[in-house]
*Asks:* 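Before we start, here is the structure in question, set down as structure tokens.
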Amino acid sequence: MKYYIIAGEASGDLHGSNLIKALKQVDVQTDVRCWGGDLMQQQGATLVRHYRELAFMGFVEVIANLRTIFSNIDFCKKDIEQFQPDALVLIDYPGFNLRIAEWAHQKNMKVIYYISPQVWAWKESRVHKIKKVVDKMFVILPFEKEFYKKFDYDVDFVGHPLIDAIENFKADVQDDFIKSNNLSDKKIIALLPGSRKQEVSTMLPLMISAAKSFTDFQFVIGGAPSIAPDFYKEFISGTDTKIVYNQSYLLLKHASAALVTSGTATLETALFSVPEVVCYKGNTISYHIARQLIKVKYISLVNLIMNREVVKELIQSELNETNIKNELSKIINDKEHISKLQKDYTELKQVLGGTGASLKTAKGIVEYLKETIS
């Protein structure tokens, strides 16, 4: 069958690539055209748009780029019509994907959503549109099934695909990370400042500021694949901070601790059992608008899933050099704190439902299409 898959971020590219791999196991005739990234392309999908062309975050930034966004939407619709897929598979990225879903529904296309928009955090009203225009929803967070049930919408909980991605990585990796990146024998503090330039510009200088207080460690940045290496030079110039590219999982495997911008990376770090501090500071206007709209207590996936503070979150004005230093010291030196954190991480993995999310989703998609396509 033919699948048109749309992912608008690095995490969506990762999950989309594993879904494509699983679809090929279930459906040998799988033919994929996609919006995503290098990982999806490596699985044999025809890449139409790279997510680096699509990444706009925050209210102000989106407004400033509306012309580009609407142009992309128009192009996407035309490309889907030309491809004539058996199913449109949408991965998160709600601002764009829900517009496409509404249009596709009107065209009587099968619309499948994998990885729900975070409607439980804000814009709960979107649930009504989702019910109307999405034929099948596969969710990856355990509380999402109950959330949708409140709206009389039955969704399938498949578990979190990051567990598979990380287990596959651990099984396949051939590790000469330290030597190949010319790193020292000091313990590593990983810096994961995000995948968008505006995130990196805000978070990275604050993260690096802590380095002078931890001279027994080496600070190593996980460079985002969507950002050119030259962009990082101004931030690390004159410091001992190192940077590695496209090796975030290897970096986490070797890290003793991490400073992580909120997002999927907070969960990835926890699944590698690395003590972390979550760091976030956004555009002031966007942040204050979001505070009025967002209903959840936490910004990190780790805390949201566990429904309590497992990892420390330093948000907006709390994200400063002093607080970073104090919290980083706790996850490096406080043995009792570290022990509790590791127990919480073990519980987190159990709550997420174990392995097999990508294959469960692929089987669910194919079974649904066989049942509904005459």
Side-chain angles (χ1 to χ4, degrees), residues 1-9 11-51 54 72-117 126 129-140 144 148 153-159 161 164 356-374:
M1 282 186 276
K2 296 166 69 176
Y3 307 90
Y4 198 104
I5 304 178
I6 304 176
E9 297 176 307
S11 59
D13 180 37
L14 172 64
H15 302 322
S17 69
N18 286 325
L19 178 61
I20 293 167
K21 183 178 180 181
L23 279 169
K24 289 182 174 181
Q25 294 177 41
V26 181
D27 174 12
V28 293
Q29 300 298 321
T30 292
D31 180 12
V32 178
R33 191 168 176 85
C34 75
W35 292 43
D38 300 343
L39 297 177
M40 294 171 76
Q41 190 173 38
Q42 287 166 16
Q43 289 300 326
T46 300
L47 183 63
V48 180
R49 282 279 197 277
H50 201 287
Y51 64 79
L54 311 172
N72 281 332
I73 289 170
D74 289 341
F75 174 80
C76 184
K77 291 175 181 178
K78 291 174 184 175
D79 197 58
I80 293 169
E81 281 197 299
Q82 288 178 354
F83 185 59
Q84 288 294 303
D86 294 293
L88 177 63
V89 182
L90 309 172
I91 300 178
D92 199 2
Y93 198 49
F96 187 95
N97 275 338
L98 285 177
R99 287 177 181 270
I100 296 297
E102 187 172 22
W103 167 84
H105 175 74
Q106 292 170 354
K107 296 285 183 178
N108 294 317
M109 295 181 187
K110 294 296 180 186
V111 180
I112 295 167
Y113 222 116
Y114 175 45
I115 306 179
S116 169
R126 278 178 165 172
K129 175 182 279 191
I130 289 170
K131 279 185 65 176
K132 182 180 178 182
V133 304
V134 175
D135 297 299
K136 190 73 173 173
M137 171 77 79
F138 296 93
V139 301
I140 64 172
E144 289 178 321
Y148 277 108
Y153 187 49
D154 187 34
V155 302
D156 292 2
F157 171 61
V158 293
D164 286 338
S358 300
L359 189 56
K360 288 175 191 172
T361 306
K363 287 179 178 178
I365 289 172
V366 172
E367 287 171 7
Y368 171 74
L369 292 177
K370 285 180 178 178
E371 290 172 0
T372 57
I373 295 177
S374 54

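These numbers come from a predicted model, not from an experiment. Just the heavy atoms: all of them, side chains too, but no hydrogens, waters or symmetry mates, feed the values below.
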*Asks:* Which residues satisfy the side-chain hydrogen bond (donor to acceptor under 3.5 Å, both in side chains) test with Tyr148, sequence neighbours excluded?
*Replies:*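 Tyr148 satisfies side-chain hydrogen bond (donor to acceptor under 3.5 Å, both in side chains) with Ser116 once adjacent residues are dropped.
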*Asks:* Quick one: salt bridge (charged side-chain N to carboxylate O under 4.0 Å, His left out) pairs with a partner in residues 90-101, sequence neighbours left out?
*Replies:* none
*Asks:* Just do the side chain to side chain contact (heavy atoms under 4.5 Å, CB included) check on Val89 and Val32 with the steps written out, would you?
*Replies:* CA-CA 10 Å; Val89 182; Val32 178; over 6 Å; no
*Asks:* With sequence neighbours excluded, tell me which residues meet side chain to side chain contact (heavy atoms under 4.5 Å, CB included) with Arg33.
*Replies:*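 Side chain to side chain contact (heavy atoms under 4.5 Å, CB included) check on Arg33 returns Tyr4, Thr46, Val48, Asp79, Phe83.
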*Asks:* Would you compute the distance between atom CD1 of Ile80 and atom CE of Met109 and round it to the nearest 0.5 angstrom?
*Replies:*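 Separation between the atoms: 6.0 Å.
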*Asks:* Enumerate, atom names and distances included, each donor-acceptor pair closer than 3.5 Å involving a side-chain atom of residues 129-138, sequence neighbours excluded.
*Replies:*
| from | atom 1 | to | atom 2 | distance (Å) |
| --- | --- | --- | --- | --- |
| Lys129 | NZ | Glu102 | OE1 | 3.3 |
| Lys131 | NZ | Phe151 | O | 2.8 |
| Asp135 | OD2 | Val111 | N | 2.7 |
| Lys136 | NZ | Asp156 | OD2 | 3.4 |

*Asks:* Please step through side chain to side chain contact (heavy atoms under 4.5 Å, CB included) for the pair Tyr114 and Ile140, ending with a clear verdict.
*Replies:* CA-CA 8 Å; Tyr114 175 45; Ile140 64 172; 4.0 Å; yes
*Asks:* With a 3.5 Å cut-off and sequence neighbours excluded, list the donor-acceptor pairs that the side chains of residues 14-26 form with protein atoms.
*Replies:*
| from | atom 1 | to | atom 2 | distance (Å) |
| --- | --- | --- | --- | --- |
| Ser17 | OG | Asp13 | O | 3.4 |
| Ser17 | OG | Leu14 | O | 2.6 |
| Lys24 | NZ | Gln43 | O | 2.3 |

*Asks:* What is the distance from atom CD1 of Ile6 to atom OH of Tyr93, rounded to the nearest 0.5 Å?
*Replies:* 9.5 Å
*Asks:* Report the C-alpha separation of Leu88 and Trp103 in whole Å, then their side-chain angles, then the decisive distance to 0.1 Å, and conclude whether the side chain to side chain contact (heavy atoms under 4.5 Å, CB included) test is met.
*Replies:* CA-CA 11 Å; Leu88 177 63; Trp103 167 84; 5.7 Å; no
*Asks:* Hey, could you give me the CD1/CG distance between Ile365 and Asp27, rounded to the nearest 0.5 Å?
*Replies:*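 That separation rounds to 10.5 Å.
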*Asks:* For a quick test of reading the model, state the closest non-hydrogen atom pair linking Gln84 to Glu81 and the distance between them.
*Replies:* NE2-O, 2.7 Å
*Asks:* In terms of heavy-atom contacts, does NZ of Lys363 have more than 12 from other residues, nucleotides or ligands at under 6.0 Å?
*Replies:*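 For Lys363, atom NZ is not crowded (no more than 12 foreign heavy atoms under 6.0 Å).
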*Asks:* Please identify each residue that fulfils ring pair (Phe, Tyr, Trp, His ring centres under 6.0 Å) with Phe157, with sequence neighbours left out.
*Replies:*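 Listed in chain order: nothing, the list is empty.
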*Asks:* Check this for me: Gln29, atom CD, are more than 12 non-hydrogen atoms of other residues, nucleotides or ligands nearer than 6.0 Å?
*Replies:* no
*Asks:* Between Phe96 and Trp35, is the ring centre distance below 6.0 Å?
*Replies:* yes
*Asks:* Quick one: pull up CG in Leu39 and SG in Cys34 and give me the separation to the nearest 0.5 Å.
*Replies:*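 The distance works out to 10.5 Å.
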*Asks:* Could you give the distance from NZ (Lys77) to NZ (Lys107), rounded to the nearest 0.5 Å?
*Replies:* 9.0 Å
*Asks:* Check the pair Arg126 / Leu98 against side chain to side chain contact (heavy atoms under 4.5 Å, CB included), numbers first and verdict last.
*Replies:* CA-CA 9 Å; Arg126 278 178 165 172; Leu98 285 177; 3.7 Å; yes
*Asks:* Measuring from atom CD of Gln42 to atom CG of Leu47, what distance do you get when rounded to the nearest 0.5 angstrom?
*Replies:*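 That separation rounds to 10.5 Å.
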*Asks:* Main chain of Met1, side chain of Asp86: is a donor-acceptor contact present, judged purely on distance under 3.5 Å?
*Replies:*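 The answer is no, because no donor-acceptor pair under 3.5 Å joins these two groups.
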*Asks:* Which atom pair, heavy atoms only, marks the closest approach of Gly12 to Met40?
*Replies:*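 Taking Gly12 first and Met40 second, the nearest heavy atoms are O-SD, 4.2 Å.
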